[in-house]
There are 4 protein chains.
Amino acid sequence: MEYNTKQIQIIEVAERLFANKGFAGTSVRDIAQEADINVSMISYYFGSKEKLIEALFNVRMVESRSRMENILQNEELTPLQKVNIWIDTVIDRLMGNQCFYNIMMREQLSAERTPIISDHILELKRRNIALMNTLITAGQESGVFKKNIDLGLMTTTLYGTINQAIATQDFYKKINNLEALSDEEFQIYLKRKLSVHLKSIFKLTVSNEHHIQN
Amino acid sequence: MEYNTKQIQIIEVAERLFANKGFAGTSVRDIAQEADINVSMISYYFGSKEKLIEALFNVRMVESRSRMENILQNEELTPLQKVNIWIDTVIDRLMGNQCFYNIMMREQLSAERTPIISDHILELKRRNIALMNTLITAGQESGVFKKNIDLGLMTTTLYGTINQAIATQDFYKKINNLEALSDEEFQIYLKRKLSVHLKSIFKLTVSNEHHIQN
Amino acid sequence: MEYNTKQIQIIEVAERLFANKGFAGTSVRDIAQEADINVSMISYYFGSKEKLIEALFNVRMVESRSRMENILQNEELTPLQKVNIWIDTVIDRLMGNQCFYNIMMREQLSAERTPIISDHILELKRRNIALMNTLITAGQESGVFKKNIDLGLMTTTLYGTINQAIATQDFYKKINNLEALSDEEFQIYLKRKLSVHLKSIFKLTVSNEHHIQN
Amino acid sequence: MEYNTKQIQIIEVAERLFANKGFAGTSVRDIAQEADINVSMISYYFGSKEKLIEALFNVRMVESRSRMENILQNEELTPLQKVNIWIDTVIDRLMGNQCFYNIMMREQLSAERTPIISDHILELKRRNIALMNTLITAGQESGVFKKNIDLGLMTTTLYGTINQAIATQDFYKKINNLEALSDEEFQIYLKRKLSVHLKSIFKLTVSNEHHIQN
DNA sequence: CATGAATGAGAGTTCATTCAT
DNA sequence: GATGAATGAACTCTCATTCAT
């Protein structure tokens with residue numbers, strides 16, 4: 001499905017507003033005003049407000065596809081290095097698309113799910129789990145990773161920690177007296193912190209390396 | 001602030017609906033219908049829809065107060081035991097009030113925050129961080145906990161993992177072929193899994209014990 | 001029809017609010033709050049909001065009765081003196097019950113009249129016209145008043161001027177730089193001005209005296 | 001500010017209803033029904049019910065502007081002739097826009113004034129007083145008008161008498177047995193009566209002419 | 001192809017009144 | 001006799017969408 005310039009523009013405005021005010025809390029008039037278009041354009045271009053958020057998911061989901069497949073194919077990296085790169089990739093992806101992942105989080109919290117969106121999310125998760133499974137299994141076979149790793153929960157911790165960090169970043173800023181930092185500086189700071197934190201957790205939880213180190 | 005039986009009933013219905021459909025996505029007529037009361041009752045009892053969600057936060061926040069203070073005061077427990085009990089307490093609390101914590105999560109995701117609610121959340125977090133800080137510091141002083149623990153991120157991982165697990169429980173059920181389990185059974189299963197998983201992470205990340213054990 | 005203390009209290013509050021915000025613009029809750037009583041009291045004591053304004057008219061109309069009859073019976077006064085006293089009486093009555101006459105004015109402006117109130121007003125006017133008619137006729141017979149006086153229009157001018165003066169008193173104050181005066185002082189000032197003004201008009205219009213004077 | 005045909009139509013319906021039932025007593029549904037439009041049109045075209053009445057004042061106020069300025073510029077007329085023409089102009093204006101001046105009267109009676117409307121009224125009055133002032137002063141300078149004329153009160157009498165006559169026209173009709181007359185006939189009759197009556201009052205009160213005549 | 005006008009449904013809230021006590 | 005709880009209707013306004021052009 002291809003979208004023209006105007007549609008992309010609408011989608012981007014909608015993405016920001018849906019993230020800030022929620023889907024139901026955002027009116028098509030809000031979107032139209034921010035995007036500087038006529039209200040009827042949303043229905044005209046997408047059919048309905050519902051279809052607009054579906055379009056948003058289409059665009060963002062397609063974008064995120066086939067980005068991670070490459071990590072695994074690099075044969076020069078150790079499994080742990082791959083895990084670390086993967087962690088950084090997820091951090092970058094989530095932090096770089098906070099609006100979108102905010103909407104996705106909301107959508108997951110919702111009981112009244114739009115099938116198309118649910119399908120998108122489900123597929124994305126399956127793919128992520130599958131990729132990670134390949135990665136972990138390879139590590140286990142070469143003996144550097146523990147057996148009995150609950151992949152589902154590890155993924156939950158990875159995504160959950162990042163999502164929670166994004167959702168509560170204002171609080172984190174306040175608690176750690178980082179209010180002097182600019183938005184950009186703080187984003188970089190938080191990414192770095194999350195990276196170290198999550199890699200540490202994964203190393204300790206997943207790998208056997210620390211046995212040797214200590 | 002005290003609420004009568006009818007008000008409590010309305011709050012409970014509202015809690016469920018706000019969790020399922022979001023605040024903006026839930027109309028006062030939806031609530032009235034579910035609670036089998038007249039639409040005007042919401043304004044009558046709470047003043048407005050906005051005030052209703054504030055009342056909800058008042059009730060739930062008051063409930064959760066002074067539940068955890070007791071853990072720390074038990075002098076027979078080791079710091080790690082306290083951390084483990086604390087983890088289980090948080091899991092029980094979040095999983096036992098999924099609706100409410102769903103709403104709280106949504107509220108955090110929102111840019112347009114209700115001041116009263118934001119204040120509630122901020123205060124709750126400060127209290128949690130402060131409590132955990134006491135706990136961790138005690139462990140560090142007795143030498144069983146590592147230095148340089150980022151408490152903010154540890155808390156983020158704890159709450160983030162549980163929240164993510166709750167938000168994606170349907171997916172988790174599907175992935176792990178647990179669809180045969182009843183809702184109740186699955187809740188118990190998930191709690192157990194989360195407990196083991198998070199305790200493991202905390203033990204590995206926070207304590208020095210594994211040096212000796214291994 | 002007799003009203004108890006509480007009813008009188010409600011009527012007085014209602015009178016002020018109806019004057020300030022209009023009948024439709026005043027809610028029974030406004031009245032109840034100002035009168036410091038329960039909302040249901042209005043219906044309880046008067047039957048309905050509609051009946052309340054009727055009660056108000058009952059009370060005020062009864063009060064104003066038989067006040068003017070005495071003027072005519074004083075045989076020591078000349079017809080013109082009687083007219084002048086009558087003018088002052090009307091000024092005092094209207095200015096002293098501005099709230100009530102405000103409501104009466106509004107009621108007259110309304111197309112959707114309450115029959116009982118309309119009847120009250122109609123009866124009051126008939127009485128006033130009849131009284132004045134006696135007065136004027138006596139003056140005409142004794143030769144001091146002109147023939148061909150349009151009593152209806154003279155009354156219209158009398159009441160119209162006073163009502164207009166009351167309605168536009170803020171403007172009059174501003175125009176004549178009287179804003180330094182206290183409310184009470186200004187009321188006295190305006191009464192005096194109206195008295196002189198209207199007496200002058202009536203003298204010139206009604207009596208033959210100025211022929212002699214000049 | 002320009003209004004399209006539909007807006008003008010709505011304004012006209014609103015004018016009549018506001019005059020008949022008051023602003024608060026008229027619902028937007030009433031207006032919509034009478035104007036045969038959808039309820040939402042009022043908000044759509046004017047923003048709100050409040051803005052609708054402001055629009056009404058905008059329209060009517062603009063209309064009445066620069067109508068009277070011409071009277072003064074005619075150099076062939078004597079001051080008294082000018083006053084008489086001015087009286088007829090005011091009668092025509094008020095009687096020809098009874099609905100609007102009814103609303104204006106109500107607005108003046110209200111304590112809770114809409115600033116924009118109050119400003120309109122204030123400005124209109126200032127203009128009228130200023131114009132009349134020019135007229136009277138010229139007459140005084142040429143010796144045909146008395147000194148010491150209270151312009152404010154004269155204006156009050158002029159407008160007050162006409163407004164009162166309009167407000168009580170049903171009563172006047174009844175009192176003078178004019179119920180056989182059609183509405184139109186009665187309007188003409190009343191205009192004529194008011195004209196003679198007010199001109200007489202003004203002549204007697206304002207001019208010195210009658211000194212000579214008698 | 002794109003637009004602004006227009007719509008009916010539904011939003012949250014307030015209304016005058018009634019009911020049970 | 002008096003009250004506070006509760007009601008259903010009505011309020012103004014905004015919603016997503018459709019229509020005519």
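Computed from a predicted model, the values in this text were never measured in an experiment. Just so it is clear: chains get the letters A, B, ... in the order the sequence lines come, proteins before strands, and each one is counted from 1.
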Please determine if a side-chain N or O atom of [X] lies less than 4.0 Å away from the OP1 or OP2 oxygen of [N].
X	N	result
A/Y45	E/dA2	yes
C/Y44	F/dT3	no
B/S27	E/dG10	no

Point to revise | Per D/N38 side chain, nearest of listed nucleotides E/dT3, F/dA2, E/dT7 | key: E/dT7
Study note, to complete from the structure: Closest of F/dA2, E/dG12, F/dT17 to the B/K49 side chain is E/dG12
Study note, to complete from the structure: Ranking D/M41 and C/F23 by the position along DNA chain E of their nearest nucleotide, the one closer to 5' is D/M41
**Study point:** base_contact_polar (E/dG10 base, B/R29 side chain, donor-acceptor, <3.5 Å)
**Key:** no
Review point. Is A/S40 side chain donor-acceptor paired with the E/dG4 base, going by distance under 3.5 Å alone?
Key: yes
Measure the distance from [atom1] on [X] to [atom2] on [N] and round it to the nearest whole Å.
X	N	atom1	atom2	answer
B/E50	E/dA11	CD	C1'	14 Å
B/F18	E/dG12	CZ	C1'	12 Å
B/L17	E/dA11	CG	C1'	16 Å
A/K51	F/dA16	NZ	C1'	13 Å
C/D30	E/dT14	CG	C1'	11 Å
A/I31	F/dT14	CD1	C1'	15 Å
B/Q33	E/dA11	CD	P	10 Å
A/I37	F/dA16	CD1	C1'	13 Å

**Study point:** Atom of B/A19, atom of B/N102 and distance for their closest heavy-atom approach
**Key:** O-ND2, 3.2 Å
Study note, to complete from the structure: Using Watson-Crick geometry (N1-N3 plus N6-O4 or O6-N4) or G-U wobble (N1-O2, O6-N3), each under 3.5 Å, F/dA20 is paired with E/dT3
Practice item. Would you mind pulling out the nucleotide paired to E/dT14, Watson-Crick or G-U wobble, both distances under 3.5 Å? Key: F/dA9
Revision key, fill the gap. Rounded to the nearest 0.5 Å, the CD1 atom of A/I117 sits from the CE atom of A/M61 at a distance of 8.5 Å
Check your understanding: How long is the span from the CD atom in C/Q7 to the CG atom in C/L52, to the nearest 0.5 Å?
Key -> 9.5 Å
Exercise for review: Show your reasoning for whether side chain to side chain contact (heavy atoms under 4.5 Å, CB included) applies to C/N38 and C/Y44.
Suggested key: CA-CA 10 Å; C/N38 190 277; C/Y44 178 67; over 6 Å; no
Practice item. With heavy atoms under 4.0 Å as the rule, sort B/F46 into base, sugar-phosphate or nothing. Key: nothing
Review point. How is A/S43 classified with respect to the nucleic acid when contacts are heavy atoms under 4.0 Å: base, sugar-phosphate, or nothing?
Key: base
Practice item. Could you please spell out the steps behind the side chain to side chain contact (heavy atoms under 4.5 Å, CB included) verdict for C/F57 and C/I103? Key: CA-CA 9 Å; C/F57 270 83; C/I103 298 169; 3.9 Å; yes
